[in-house]
Amino acid sequence: MASSSSSFLLFLVFSLALLSSSTSESTSTLSDANDLSFTFYKSKCPNLETIVRSHLQKAFATDIGLAAGLLRLHFHDCFVQGCDASVLLDGSASGPSEKAAPPNLTLRPAAFKAINDLRLLIDQACGQVVSCADVVALAARDSVALSGGPNYRVPLGRRDGLTFATRNATLAGLPAPSSNASTLLAVLQKINLDAEDLVALSGGHTIGIAHCTSFTGRLYPSQDPTMNKSFASGLRLTCPAADTDNTTALDRRTPNAFDNKYYVDLVNREGLFTSDQDLLSDPRTGPFVWRYALDQRLFFARFAASMVKMGEVGVLTGNSGEIRANCSARNAGGKSVWSVVEEVEEVAAETAAAF
Ligand code: HEM
Ligand SMILES: *[C@@H]1O[C@H](CO)[C@@H](O)[C@H](O)[C@H]1NC(C)=O
Ligand SMILES: *[C@@H]1O[C@H](CO)[C@@H](O)[C@H](O)[C@H]1NC(C)=O
Ligand SMILES: *[C@@H]1O[C@H](CO)[C@@H](O)[C@H](O)[C@H]1NC(C)=O
Ligand SMILES: *[C@@H]1O[C@H](CO)[C@@H](O)[C@H](O)[C@H]1NC(C)=O
Ligand SMILES: *[C@@H]1O[C@H](CO)[C@@H](O)[C@H](O)[C@H]1NC(C)=O
Ligand SMILES: CC(=O)N[C@H]1CO[C@H](CO)[C@@H](O)[C@@H]1O
């Protein structure tokens, strides 16, 4: 037993030494999304997508709001420090985490719980081989598909980050709902997303809710003149004061269905946030709003394409990062199969360098 495992290790050391001498150092840096693939877990966890889909189908039957929570979680993860599941990390003694920055205050606890539940089910079926970042990306896709939206394929192979983003990085990555289109375009440009991506991705606001404080800046002290007057009157009943603790649907027409009605809202000046409504007014984004309001098939195709693009932002692949055992915390060290392989690989690289 001991000798067979040590000769296996020796074999691993030599094959990895060969590998590391023949491949470039790119595997240990922030890598290109080209490293993700549709078949990444084909042999390691063949039932992965079925496990995620069927668990969420059951979970949404009792809490449809969870779909919106999971979609937003993936967006927050990707926009801050890349899609590395950093959004899931609890803070530590060294400081507050991404979770603790103001935009995260309204991320649903149920969404974090669902990711941890999924990881447990996946671990039981396949062992600890699937990253939390990939689970978040798959859960977002299934939230869209199970709510009536497009069922796109998700390239996989993300690794989990070792650090959480600071409060400041979180604030810089996630624009405020009071942002105009210029600000939004500038924030997205930093991660190589363009005007068409901005309009398509904002269509995520076709499901879910917002708290009064996210939009009452448009009602008090005076009403934003771009807001539809009867829509504004309704919102004042839901939020009699700027800080009323109440919520309203992001898409008033079909609050829980993933469809193109969000754009119909915008055309009627019934967008909830400035960041929504300004997409209609700005000449760089307005034409896309009109197109998606008139053509749901086009919206679905563009949304799916932009989600795949967003899901590739700043991903860690190869042997960067780790496969977290617990999505809410970094590995203590050396626990997972993958971290053992990484250690061996490091030794192998050192050995190779010594020759
Ligand atoms: C473009 C800039 C964006 C801004 C400024 C923004 C802002 C917000 C705000 C303020 C809320 C409500 C928080 C609350 O009051 O509870 C919200 C909710 C939501 N956002 Fe965004 N968002 C943006 C982009 C996105 C994107 C790209 C997606 C996904 C593709 C997305 C998906 C969602 C969902 C699904 C909800 C509802 C969450 C729930 O019901 O729990 N958002 N967003
Ligand atoms: C975070 O941003 C605030 C405001 O811009 C600044 O005063 C503060 O020094 C920043 N903190 C860190 C740790 O960078
Ligand atoms: C957008 O908002 C920024 C920041 O508040 C402001 O400086 C800029 O003038 C605004 N742009 C337009 C076109 O309104
Ligand atoms: C919350 O919103 C509902 C629905 O618009 C409204 O009937 C209710 O009065 C609001 N609650 C408060 C405390 O304002
Ligand atoms: C305000 O909303 C109503 C109901 O959706 C719509 O009929 C009306 O045309 C909208 N007004 C404007 C100015 O868009
Ligand atoms: C996962 O990590 C979090 C944060 O450190 C901790 O509170 C929780 O108990 C851990 N869960 C398990 C199952 O170990
Ligand atoms: C869902 C979640 O983790 N929310 C956290 C956001 O930040 C506040 C303040 O640090 C925490 O109390 C919440 O638990």
Side-chain angles (χ1 to χ4, degrees), residues 64-65 67-69 71-72 75 102-103 105-106 144 147-149 174-188 195-300 302-303 306:
I64 188 58
L71 176 56
R72 188 171 181 225
F75 155 58
L105 294 175
T106 51
V144 170
S147 302
L174 295 171
S178 56
S179 309
N180 59 30
S182 298
T183 300
L184 297 173
L185 287 167
V187 171
L188 268 76
E196 193 168 11
D197 295 314
L198 170 61
V199 179
L201 290 172
S202 295
H205 288 173
T206 180
I207 56 174
I209 56 166
H211 291 77
C212 294
T213 48
S214 295
F215 57 85
T216 45
R218 301 183 70 203
L219 299 173
Y220 310 115
S222 58
Q223 193 200 308
D224 179 339
T226 59
M227 190 186 267
N228 186 308
K229 286 196 174 58
S230 56
F231 179 56
S233 312
L235 291 179
R236 274 193 294 270
L237 295 177
T238 303
C239 311
D243 61 352
T244 306
D245 187 13
N246 213 349
T247 62
T248 195
L250 287 170
D251 167 19
R252 64 180 308 236
R253 287 181 165 71
T254 50
N256 297 322
F258 196 101
D259 56 19
N260 69 336
K261 293 295 192 293
Y262 162 82
Y263 301 101
V264 176
D265 296 336
L266 299 190
V267 165
N268 283 291
R269 305 190 180 282
E270 295 169 320
L272 200 52
F273 307 141
T274 301
S275 63
D276 297 315
Q277 196 58 59
D278 206 42
L279 298 176
L280 179 73
S281 328
D282 193 287
R284 293 162 291 181
T285 50
F288 296 116
V289 172
W290 280 102
R291 261 173 248 166
Y292 302 155
L294 295 168
D295 186 348
Q296 179 165 281
R297 282 171 61 100
L298 176 67
F299 164 52
F300 280 7
R302 291 298 310 137
F303 182 79
S306 293

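For the numbers below, each heavy atom of this structure counts, side chains included, while hydrogens, waters and symmetry mates do not.
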Novice: If you look at every heavy atom in Gly271 and Leu266, which pair is closest and at what distance?
Specialist: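 Closest heavy-atom pair between Gly271 and Leu266: CA-CD2, 3.5 Å.
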Novice: How close do Asp282 and Ser182 get, heavy atom to heavy atom, and via which atoms?
Specialist: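 Result for this residue pair: OD2-OG, 4.3 Å.
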Novice: What closest approach, in Å, do Pro283 and Pro287 show between heavy atoms, and which atom pair accounts for it?
Specialist: O-CD, 3.3 Å
Novice: Using 0.5 Å steps for rounding, measure from the CD1 atom of Ile209 to the CD1 atom of Ile207.
Specialist: 11.5 Å
Novice: Would you check if the side chain of Ser214 reaches a backbone N or O of Ala210 as a donor-acceptor pair within less than 3.5 Å?
Specialist: no
Novice: Between Glu270 and Arg252, is any pair of side-chain heavy atoms under 4.5 Å apart?
Specialist: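 A side-chain contact exists here, since the closest heavy-atom pair is under 4.5 Å.
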Novice: Looking at side-chain heavy atoms only, is the closest gap between Leu198 and Leu279 below 4.5 Å?
Specialist: yes
Novice: With sequence neighbours left out, which residue pairs that include part of residues 212-271 fulfil the disulfide bond (SG atoms under 2.5 Å apart) condition?
Specialist: Cys212-Cys239
Novice: Less than 6.0 Å separating the ring centroids of Phe258 and Phe299?
Specialist: yes
Novice: So Leu235 and Leu272, do their side chains get closer than 4.5 Å, heavy atoms only?
Specialist: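 Sidechains of Leu235 and Leu272: in contact.
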Novice: How about Thr216 and Asp243: does a side-chain donor come under 3.5 Å of a side-chain acceptor?
Specialist: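 No.
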Novice: Please find the pair of heavy atoms, one from Gln223 and one from Arg236, that lie closest to each other, and give the distance.
Specialist: OE1-NH1, 3.7 Å
Novice: Taking Thr285 for its side chain and Ser281 for its backbone only, find out whether a donor-acceptor pair lies under 3.5 Å.
Specialist: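 Between the backbone of Ser281 and the side chain of Thr285 there is no qualifying donor-acceptor contact (under 3.5 Å).
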Novice: Is there a side-chain contact between Leu250 and Thr206 (heavy atoms, below 4.5 Å)?
Specialist: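 In short, these two side chains do not touch, never coming nearer than 4.5 Å.
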Novice: Sub-3.5 Å donor-acceptor pair from the side chain of Ser306 to the main-chain atoms of Phe303, do we have one?
Specialist: no
Novice: Using the salt bridge (Lys or Arg N to Asp or Glu O under 4.0 Å) criterion, which residues pair with Asp224? Sequence neighbours excluded.
Specialist: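 Listed in chain order: Arg218.
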Novice: Can you give me the closest heavy-atom contact between Tyr292 and Asn260, atom names plus distance?
Specialist: O-ND2, 2.9 Å
Novice: With a 4.5 Å cut-off on side-chain heavy atoms, are Asp259 and Asp251 touching?
Specialist: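 Result yes, sub-4.5 Å side-chain heavy-atom pair found.
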Novice: Might you point out which heavy atoms bring Val267 and Leu280 nearest each other, and give the distance in Å?
Specialist: CA-CD2, 4.1 Å
Novice: Show every ring-ring contact (aromatic ring centres under 6.0 Å, His included) that has at least one partner inside residues 203-234, sequence neighbours left out.
Specialist: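 Applying ring-ring contact (aromatic ring centres under 6.0 Å, His included) to every pair that reaches into residues 203-234, excluding sequence neighbours, yields His205-Phe273.
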Novice: Are Tyr263 and Val199 side-chain neighbours, meaning at least one heavy-atom pair lies under 4.5 Å?
Specialist: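 Yes; the side chains approach each other to less than 4.5 Å.
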Novice: For Asn228 and Ser230, what are the C-alpha separation, side-chain angles and deciding distance, and is it a side-chain hydrogen bond (donor to acceptor under 3.5 Å, both in side chains)?
Specialist: CA-CA 6 Å; Asn228 186 308; Ser230 56; 3.0 Å; yes
Novice: Who are the salt bridge (Lys or Arg N to Asp or Glu O under 4.0 Å) partners of Asp265, not counting sequence neighbours?
Specialist: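 Salt bridge (Lys or Arg N to Asp or Glu O under 4.0 Å) check on Asp265 returns Arg253.
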Novice: Under the rule for salt bridge (Lys or Arg N to Asp or Glu O under 4.0 Å), what residues qualify as partners of Asp278, not counting sequence neighbours?
Specialist: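 Expected list: none.
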Novice: Under the salt bridge (Lys or Arg N to Asp or Glu O under 4.0 Å) rule, collect the residues that match up with Arg302, sequence neighbours excluded.
Specialist: Glu196, Asp197
Novice: With side chain to side chain contact (heavy atoms under 4.5 Å, CB included) as the test, would you mind laying out the steps for Leu174 and Phe75 before giving the verdict?
Specialist: CA-CA 9 Å; Leu174 295 171; Phe75 155 58; 3.9 Å; yes
Novice: Compute whether any side-chain donor of one residue and acceptor of the other, for Thr254 and Asn256, lie under 3.5 angstrom apart.
Specialist: no
